[in-house]
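All residue numbers refer to positions in the sequence shown, counting from 1.
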Amino acid sequence: MKNIVIILLILFNLQCKAQTIIPVEKVIDYMGSSISFPAGSYIKDVNHKLDVFTGTWKGVHGDKIYSFTISKFTDIRSNVKEDILIIRYLITNTNGYILEDTRSLPDLNPYLIQGYYLEQTTYALTYSGKNAKCGQTGTIFIDWLKGSNNTKMTLFLEPEQMIISSRECPNGRAEQIIPHEQIILSKE
């Protein structure tokens, strides 16, 4: 009986894996270095740095009205678990016509804006619109507007530099629906 208990304890210990917790604000330290995340790591929002971004944010740019709903999501990629932000959005023109609506898409849909990394107070996210092959893609940056008591933030798109295929995109580069000039959003 004693041997069975010892064998079970050994097997149990072999099954237990230590999980490395990495705060989300430390991800930037791994970028551009030869250090990779240990297998089974959890990039966790232990200091609640992402929570301040969650909620619904609204703003106007030109003739477009933007509503961004930001939520926290735990993703698993390449044996690494990670707390990220995802953004669903509704874009209408001033007449109320819907230009784009991703509010009902599931969490892992590629058309949602998905978190990438946090650097100080700026959070970077990846964006691929429905015309990504034609240039509707890039990195979105969000940051607090200083002195706003966390009720206003800035957002802008840095479009990806890419070669556009005239075969796949006979009309040329697609119009960006996310502004590539900084806009101010207010928390609802």
Side-chain angles (χ1 to χ4, degrees), residues 8-59 66-90 102-129 132 137-160 178-180 182-188:
L8 287 174
L9 285 173
I10 290 170
L11 289 175
F12 178 74
N13 283 333
L14 290 174
Q15 295 296 318
C16 292
K17 295 179 184 177
Q19 185 176 53
T20 303
I21 303 289
I22 301 166
V24 293
E25 62 270 24
K26 297 294 183 187
V27 169
I28 194 76
D29 297 341
Y30 289 83
M31 297 178 74
S33 76
S34 60
I35 303 169
S36 60
F37 300 118
S41 293
Y42 185 178
I43 301 165
K44 188 172 179 149
D45 188 19
V46 293
N47 297 314
H48 306 286
K49 300 281 187 180
L50 301 181
D51 292 344
V52 294
F53 290 105
T54 61
T56 300
W57 299 83
K58 294 189 176 182
Y66 295 88
S67 177
F68 296 97
T69 302
I70 304 175
S71 57
K72 192 160 53 168
F73 176 71
T74 302
D75 195 9
I76 299 175
R77 304 178 202 173
S78 303
N79 202 24
V80 174
K81 194 173 177 181
E82 181 176 12
D83 289 343
I84 63 169
L85 294 178
I86 55 175
I87 301 179
R88 290 176 169 81
Y89 53 93
L90 171 66
T102 65
R103 294 175 300 171
S104 64
L105 297 177
D107 289 339
L108 294 176
N109 189 287
Y111 297 132
L112 295 183
I113 302 167
Q114 298 183 8
Y116 187 36
Y117 65 90
L118 176 71
E119 184 172 12
Q120 296 178 358
T121 61
T122 302
Y123 192 67
L125 305 103
T126 58
Y127 162 71
S128 291
T137 183
T139 303
I140 290 178
F141 296 93
I142 55 176
D143 196 357
W144 291 112
L145 189 61
K146 309 304 180 232
S148 72
N149 199 26
N150 299 338
T151 60
K152 294 189 182 297
M153 76 173 173
T154 59
L155 176 145
F156 74 92
L157 168 70
E158 183 177 294
E160 182 179 330
I178 305 290
H180 48 87
Q182 188 176 57
I183 66 166
I184 296 174
L185 302 172
S186 298
K187 192 166 193 175
E188 296 290 305

Q.
Less than 4.5 Å apart, side chain to side chain, heavy atoms only: is that true for Val24 and Lys72?
A. no

**Q.** side-chain contact (heavy atoms from CB on, under 4.5 Å) against Pro23, all qualifying residues, sequence neighbours excluded
**A.** Glu25, Lys26, Val46, Asn47

Q | Leu155 and Ile178: CA distance, side-chain angles, deciding distance, side-chain contact (heavy atoms from CB on, under 4.5 Å) verdict | A | CA-CA 9 Å; Leu155 176 145; Ile178 305 290; 4.0 Å; yes

Q | Minimum heavy-atom distance between Pro38 and Val80, given as atom pair plus value | A | O-CG2, 4.2 Å

Q. Roughly how far apart are Leu125 CG and Leu112 CG, rounded to 0.5 Å?
A. 11.0 Å

Q | Sidechain-backbone polar pair: Asp45 side chain, Asp83 backbone, donor-acceptor under 3.5 Å | A | no

(Q) Applying ring-ring contact (aromatic ring centres under 6.0 Å, His included), can you list everything that pairs with Phe68, at least two apart in sequence or on another chain? (A) Tyr66

Q: Decide yes or no on side-chain contact (heavy atoms from CB on, under 4.5 Å) for Ser186 and Lys58, but give the supporting numbers first.
A: CA-CA 5 Å; Ser186 298; Lys58 294 189 176 182; 5.8 Å; no

Q: Mark yes or no for whether Thr69, through its side chain, and Thr56, through its backbone, hold a donor-acceptor pair below 3.5 Å.
A: no

Q. How would you list all residue pairs meeting side chain to side chain donor-acceptor pair (under 3.5 Å) that involve residues 106-118, not counting sequence neighbours?
A. Arg88-Asp107

**Q.** Taking every non-hydrogen atom, the tightest pair across Thr139 and Ala124
**A.** CG2-CB, 4.0 Å

Q | Euclidean distance, Asp143 CG relative to Phe53 CZ, rounded to 0.5 Å | A | 6.0 Å

(Q) For Gln182, give me all partners under side-chain hydrogen bond (donor to acceptor under 3.5 Å, both in side chains), at least two apart in sequence or on another chain. (A) Thr154

Q) Does the side-chain contact (heavy atoms from CB on, under 4.5 Å) test come out yes or no for Tyr42 and Thr74, once each step is laid out? A) CA-CA 9 Å; Tyr42 185 178; Thr74 302; 3.9 Å; yes

(Q) How long is the straight-line distance from CG of Leu85 back to CG of Leu118, given to the nearest 0.5 Å? (A) 8.5 Å

Q) For Lys187, does the NZ atom sit with more than 12 other heavy atoms under 6.0 Å from it, leaving out its own atoms? A) yes

Q. What residues, two or more places apart in sequence or in another chain, satisfy side-chain contact (heavy atoms from CB on, under 4.5 Å) together with Ile76?
A. Lys81

Q: State, to 0.1 Å, how close Thr137 and Ser128 come at their nearest heavy-atom pair, and which atoms those are.
A: OG1-OG, 3.5 Å

Q. How close do Leu145 and Ser148 get, heavy atom to heavy atom, and via which atoms?
A. O-OG, 2.8 Å

Q. Hey, what do you get for OG1 (Thr102) to CD1 (Ile113), rounding to the nearest 0.5 Å?
A. 6.5 Å

Q | side-chain contact (heavy atoms from CB on, under 4.5 Å) against Gln120, all qualifying residues, sequence neighbours excluded | A | none

Q: Answer whether the closest heavy-atom distance between the side chains of Leu50 and Phe73 falls below 4.5 Å.
A: no

Q | Separation of Ile21 CD1 from Lys44 NZ (nearest 0.5 Å) | A | 5.5 Å

Q: Output, in order, the C-alpha distance, side-chain angles, deciding distance and verdict of side-chain contact (heavy atoms from CB on, under 4.5 Å) for Trp57 and Ile142.
A: CA-CA 11 Å; Trp57 299 83; Ile142 55 176; over 6 Å; no

Q) Hey, what do you get for CH2 (Trp144) to OG1 (Thr122), rounding to the nearest 0.5 Å? A) 12.0 Å

